[in-house]
Amino acid sequence: MLDGLSSGEIELVGRKVRLTHTDRIYFPEAGITKGHIIRYYLDISPLLLPHLRDRPLNLERFPEGVGAESFYQKNASAFFPSWLRTFSVDYPRAHKTNRHVLVDDAAGLIYLANLGTITFHAFLSRIDDLTHPDLLILDVDPPDLAGLTREESFKPVVETAFLLREELLALGMAPRVKTTGKRGLHLGVSLDRRSTYNEVRTALTELFTRLSERRPDLMSRAVRKEKRRHRVYLDALRMAMGATVAPPYTVRATAVASISMPVTWEELATLEHSQVYTVANALARVTSVGDLWAPLVTPGA
DNA sequence: GACCGGT
DNA sequence: ACCGGTCAACGCAAT
DNA sequence: ATTGCG
Ligand SMILES: [Mn+2]
Ligand SMILES: [Mn+2]
């Protein structure tokens, strides 16, 4: 484990960012401090930033570490620095507008990490066309966890992911896959932004319904846990306006400080669980394989 | 985590 | 200068 | 209208 960053002011892309409480233990079981998390986000920023750029973000913050109180933050606080860009999103049902933070560079990323942001959650559309997602995420969630180890709950998730891949290949798509860093998997496909969230979600729901009717022993579309029990949950609700997904390389609030990591399909076949990659080993891996999800956020690729 | 008002 | 209190989300769809 | 859910 590399040393974490220390408290004090650092300059990033010409911005001064003050780091505080860097010795605070954020992950007690793994002995990982807030300074370690900030160091990780700085090191991973070249790979992470393209996945955040121009997307409204939600922050999942743990100011006292992962065992303590946490909260989601959509609306930028008044005290956020003026150089941190925001984008206003209307929430008609809630009769309000939230100014979502945007992360353009390492300074913004590290400022928000210093607020105790462990997990960044990103929109699936970009601010220049917010109503049309440019990314399709197929969210494969694990069976009810009671009595299951990470490994046991992950096997049906992997089997489901391969079945979904076959369906998408038959439709002419070549999905990528990544760990979520919790217990599940995400498949990702680029979209051309010709369809709205509702249109994409309707098509996705049809695909999920078809597959779960073919393998009702393995998968379920039921939101209620009691209805799906031991079965994998095919979650189409991620593809909704205002919904967010954990992007590649973000840190998850698990005991081991796992991260969401793109993997090859070949690797997935032998992957034990979704928490293999952590802030402690991610850098070594991406140094050798690069960003397997870069084509999803690289124009023209 | 940071701000604010009261002591 | 140092507290203590306060704030920091939301929509889908099943029921 | 409520609420489980992520
Ligand atoms: Mn998921
Ligand atoms: Mn989900």
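From a predicted model like this one, the values you see are computed outputs, not experimental measurements. By convention in this document, chain letters (A, B, ...) are assigned in the order of the sequence lines, proteins followed by strands, and residues within each chain are numbered from 1.
Backbone-only contact: F79(A) has heavy atoms under 4.0 Å from sugar-phosphate atoms and none from a base. The residue K182(A) sits apart from the nucleic acid: no heavy atom pair falls under 4.0 Å. In this structure, R18(A) reaches neither bases nor backbone, as no heavy-atom distance under 4.0 Å exists between it and the strands shown. When heavy atoms are screened at a 4.0 angstrom cut-off, T20(A) is found touching the sugar-phosphate backbone but no base atom.
Between D54(A) and R85(A), at least one side-chain N (NZ, or NE/NH1/NH2) sits under 4.0 Å from a carboxylate O, which counts as a salt bridge.
Under the 4.5 Å side-chain heavy-atom criterion for Ile, Leu, Val, Met, Phe, Trp and Tyr, L5(A) and L12(A) are members of the same hydrophobic cluster.
Proximity of residues 102-133 of chain A to DNA chain C (heavy atom under 4.0 angstrom from any strand atom) is not detected for any residue. Near DNA chain C, defined here as any heavy-atom distance below 4.0 Å, there are no residues from residues 52-64 of chain A. Near DNA chain C, defined here as any heavy-atom distance below 4.0 Å, there are no residues from residues 136-150 of chain A.
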Sub-3.5 Å pairs of nitrogen or oxygen atoms, protein against nucleotides 13-15 of chain C:
from, atom 1, to, atom 2, distance (Å)
dA13(C), OP1, R201(A), NE, 3.4
dT15(C), OP1, K227(A), NZ, 3.1

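Heavy-atom neighbours of E151(A) CD from other residues, nucleotides or ligands within 6.0 Å: above the threshold of 12.
Checked against the 6.0 Å centroid criterion, the rings of F27(A) and H36(A) do not qualify as a close aromatic pair.
The stretch residues 208-228 of chain A participates, sequence neighbours left out, in no ring pair (Phe, Tyr, Trp, His ring centres under 6.0 Å) pair at all.
Qualifying salt bridge (Lys or Arg N to Asp or Glu O under 4.0 Å) partners for E11(A), counting only residues two or more places apart in sequence or in other chains: K16(A).
Because its NZ or CZ atom is not both nearer than 6.0 Å to the ring centre of Y111(A) and within 45° of the ring axis, R15(A) does not count as a cation-pi partner of that residue.
Across all their heavy atoms, W293(A) and D291(A) have their closest contact at N-OD1, 2.9 Å.
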